[in-house]
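Worksheet for the structure shown next.
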Number of protein chains: 2
Amino acid sequence: MHPQHEHKDCIANALEQAISICEEKGVRFTRLRRSVLELVWENHGPIKAYDILKQLDSDIASVKPPTVYRALDFLLENGLVHRLNSLNAFVGCSHPEAHKDCYFLICTECGEAMECCSNDLVTAITKTGQKNDFRPAHVTLEITGECADCRGAI
Amino acid sequence: MHPQHEHKDCIANALEQAISICEEKGVRFTRLRRSVLELVWENHGPIKAYDILKQLDSDIASVKPPTVYRALDFLLENGLVHRLNSLNAFVGCSHPEAHKDCYFLICTECGEAMECCSNDLVTAITKTGQKNDFRPAHVTLEITGECADCRGAI
DNA sequence: CGTGTTATGTTATAATATAACAAAACAGGA
DNA sequence: TCCTGTTTTGTTATATTATAACATAACACG
Ligand SMILES: [Zn+2]
Ligand SMILES: [Zn+2]
Ligand SMILES: [Zn+2]
Ligand SMILES: [Zn+2]
């Protein structure tokens with residue numbers, strides 16, 4: 001995790017938003033789902049399902065894979081986390097209230113995944129869909145590379 | 001597979017290109033690697049490693065996973081196939097001689113994956129990297145949706 | 001040939017994910 | 001409160017995807 005970043009605030013903020021979103025939607029933000037979301041955020045970066053499993057397991061007794069995957073499915077459906085296909089990992093959504101077409105900059109050095117939006121990108125994707133007569137439903141855009149902090153950039 | 005498409009030509013063409021690329025690079029396009037590439041192309045669309053395994057298995061005797069994965073690794077390294085992270089599947093590169101920054105339009109109806117290039121997209125990605133002070137190394141861009149043929153478009 | 005290198009075979013196991021059914025927790029009305 | 005249907009969680013088993021580690025075979029080249 002990089003400096004100048006009060007990560008506790010991230011987590012608290014994410015949980016608050018999750019609570020309010022679930023309330024709005026009338027879906028249940030249960031203890032399990034909350035725990036999983038907390039773990040996702042505590043990790044501050046993409047986390048694997050089986051790592052969540054291990055960490056839950058130390059708390060409560062003997063958690064099994066379906067428990068974790070179901071919680072993750074719920075969080076995915078409600079836009080509270082994202083799945084990074086190139087890593088088989090999960091990461092908290094940094095703006096679940098307003099998530100639209102986002103993509104990820106994944107640093108191979110520190111492992112962090114920055115969630116970004118770009119109108120240019122959205123426009124380019126829309127255009128390319130039109131040009132190819134293709135109706136896009138879902139976009140996976142994951143860019144790996146090296147972040148500024150890890151390159152020692154100022 | 002959609003109409004007006006002589007797929008045999010695709011396969012033959014892909015093999016020819018593979019042979020010439022491997023020769024240029026001084027790497028060995030062995031019988032196994034050739035078989036795997038053929039299967040990838042025959043399928044005309046993303047194919048899973050274990051499906052390749054099954055199909056090889058019916059030909060030769062008892063093929064094991066590492067055999068397939070190693071051949072796929074070779075083909076990936078040499079740009080002859082691509083891996084679709086969102087599907088855990090592999091697809092032949094449609095222009096291995098000149099592949100640069102491509103992306104995929106994946107139809108959820110017919111399962112075909114069209115490989116496309118777009119300067120706008122590349123530009124947008126480059127820009128977003130610069131803006132975030134991020135040095136991109138590899139881009140995964142996979143767009144799922146419905147293709148023209150499957151929508152019954154003219 | 002002989003020899004080092006690259007490729008393939010083989011066994012075992014790791015890592016990721018889901019199916020199917022049972023028990024429990026919960027919600028909302030009688 | 002209690003009943004009842006629904007949703008969530010627990011549990012067992014298994015499917016799917018991928019790699020480690022070591023043995024053998026094929027090849028390249030002097
Ligand atoms: Zn998001
Ligand atoms: Zn970094
Ligand atoms: Zn390509
Ligand atoms: Zn289609």
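Hydrogens, waters and symmetry mates play no part in the numbers below; they use all other heavy atoms, side chains included. In what follows, chains are A, B, ... by sequence order, proteins preceding strands, each numbered from 1.
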Inset, instruction - May I ask you to test the B:I125-A:Y103 pair for a side-chain heavy-atom distance under 4.5 Å? - result: no
Donor-acceptor pairs under 3.5 angstrom involving side-chain atoms of residues 134-148 of chain B: please list them, not counting sequence neighbours.
{"unit_1": "B:T140", "atom_1": "OG1", "unit_2": "B:N85", "atom_2": "ND2", "d": "3.2"}
{"unit_1": "B:E142", "atom_1": "OE1", "unit_2": "B:N85", "atom_2": "N", "d": "3.4"}
{"unit_1": "B:E142", "atom_1": "OE1", "unit_2": "B:S86", "atom_2": "N", "d": "2.7"}
{"unit_1": "B:E142", "atom_1": "OE1", "unit_2": "B:S86", "atom_2": "OG", "d": "2.4"}
{"unit_1": "B:E142", "atom_1": "OE2", "unit_2": "B:N85", "atom_2": "N", "d": "2.8"}
{"unit_1": "B:T144", "atom_1": "OG1", "unit_2": "A:H138", "atom_2": "O", "d": "3.2"}

Inset, instruction - May I have all residue pairs that pass salt bridge (charged side-chain N to carboxylate O under 4.0 Å, His left out) and include part of residues 114-123 of chain B, sequence neighbours excluded? - result: A:K127-B:D120
Legend entry - Short side-chain N/O contact to D:dT17 OP1/OP2 from B:K48, under 4.0 Å: yes
Inset, instruction - Examine C:dT8: is either OP1 or OP2 under 4.0 Å from a nitrogen or oxygen in the side chain of B:T67? Give yes or no. - result: no
Legend entry - Rounded interatomic separation in angstrom, taking CD from A:E77 and P from D:dT7: 13 Å
Inset, instruction - In whole angstrom, give the distance that lies between atom CG of B:L87 and atom P of D:dT17. - result: 11 Å
Show me the donor-acceptor pairs, under 3.5 Å and distance only, between side chains in residues 65-74 of chain A and residues at least two apart or in other chains.
{"unit_1": "A:T67", "atom_1": "OG1", "unit_2": "A:K64", "atom_2": "O", "d": "3.4"}

Inset, instruction - Please report, rounded to the nearest Å, how far the C1' atom of C:dT18 is from the CG atom of A:L53. - result: 14 Å
Using the 3.5 Å cut-off, write out each protein N or O paired with an N or O of nucleotides 19-21 of chain D and the distance between them.
none

Legend entry - Residues that, via side-chain heavy atoms closer than 4.5 angstrom, fall in one hydrophobic cluster with A:F104: A:L84, A:L87, A:V91, A:I106
Legend entry - B:E38: partners by salt bridge (Lys or Arg N to Asp or Glu O under 4.0 Å), with sequence neighbours left out: B:R34
Legend entry - A:H7 (side chain) donor-acceptor with A:W41 (main chain) under 3.5 angstrom: yes
Inset, instruction - Send over the distance from B:K64 NZ to C:dG9 P, rounded to a whole Å. - result: 9 Å
Inset, instruction - For B:K131, check side chain to side chain contact (heavy atoms under 4.5 Å, CB included) against everything at least two apart and list the hits. - result: none
Legend entry - Interatomic distance, A:F90 CZ vs C:dA15 C1' [rounded to whole Å]: 13 Å
Legend entry - Atom pair distance, as rounded to whole Å: CD1 in B:I47 and P in D:dT16: 15 Å
Inset, instruction - Return the residues of residues 15-24 of chain A meeting this criterion: a heavy atom under 4.0 Å from some atom of DNA chain C. Order them by number, or give none. - result: none
Legend entry - side chain to side chain contact (heavy atoms under 4.5 Å, CB included) partners for B:V122, two or more places apart: B:D101, B:T126
Inset, instruction - Report the residues that fulfil side chain to side chain contact (heavy atoms under 4.5 Å, CB included) with A:T30, sequence neighbours left out, ordered by chain and then residue number. - result: A:R28, A:L32, A:R33
Is there any protein nitrogen or oxygen under 3.5 Å from a nitrogen or oxygen in nucleotides 2-7 of chain C, and what are the pairs?
{"unit_1": "C:dA7", "atom_1": "OP1", "unit_2": "B:R33", "atom_2": "NH1", "d": "3.2"}

Inset, instruction - Could you state the atom-to-atom distance from CG of A:L84 to P of C:dT16 in whole Å? - result: 13 Å
Inset, instruction - Only counting residues at least two apart or in another chain, list the ones meeting side chain to side chain contact (heavy atoms under 4.5 Å, CB included) with B:E24. - result: B:S20, B:E97
Legend entry - Separation of C:dT16 P from A:L72 CG (nearest whole Å): 13 Å
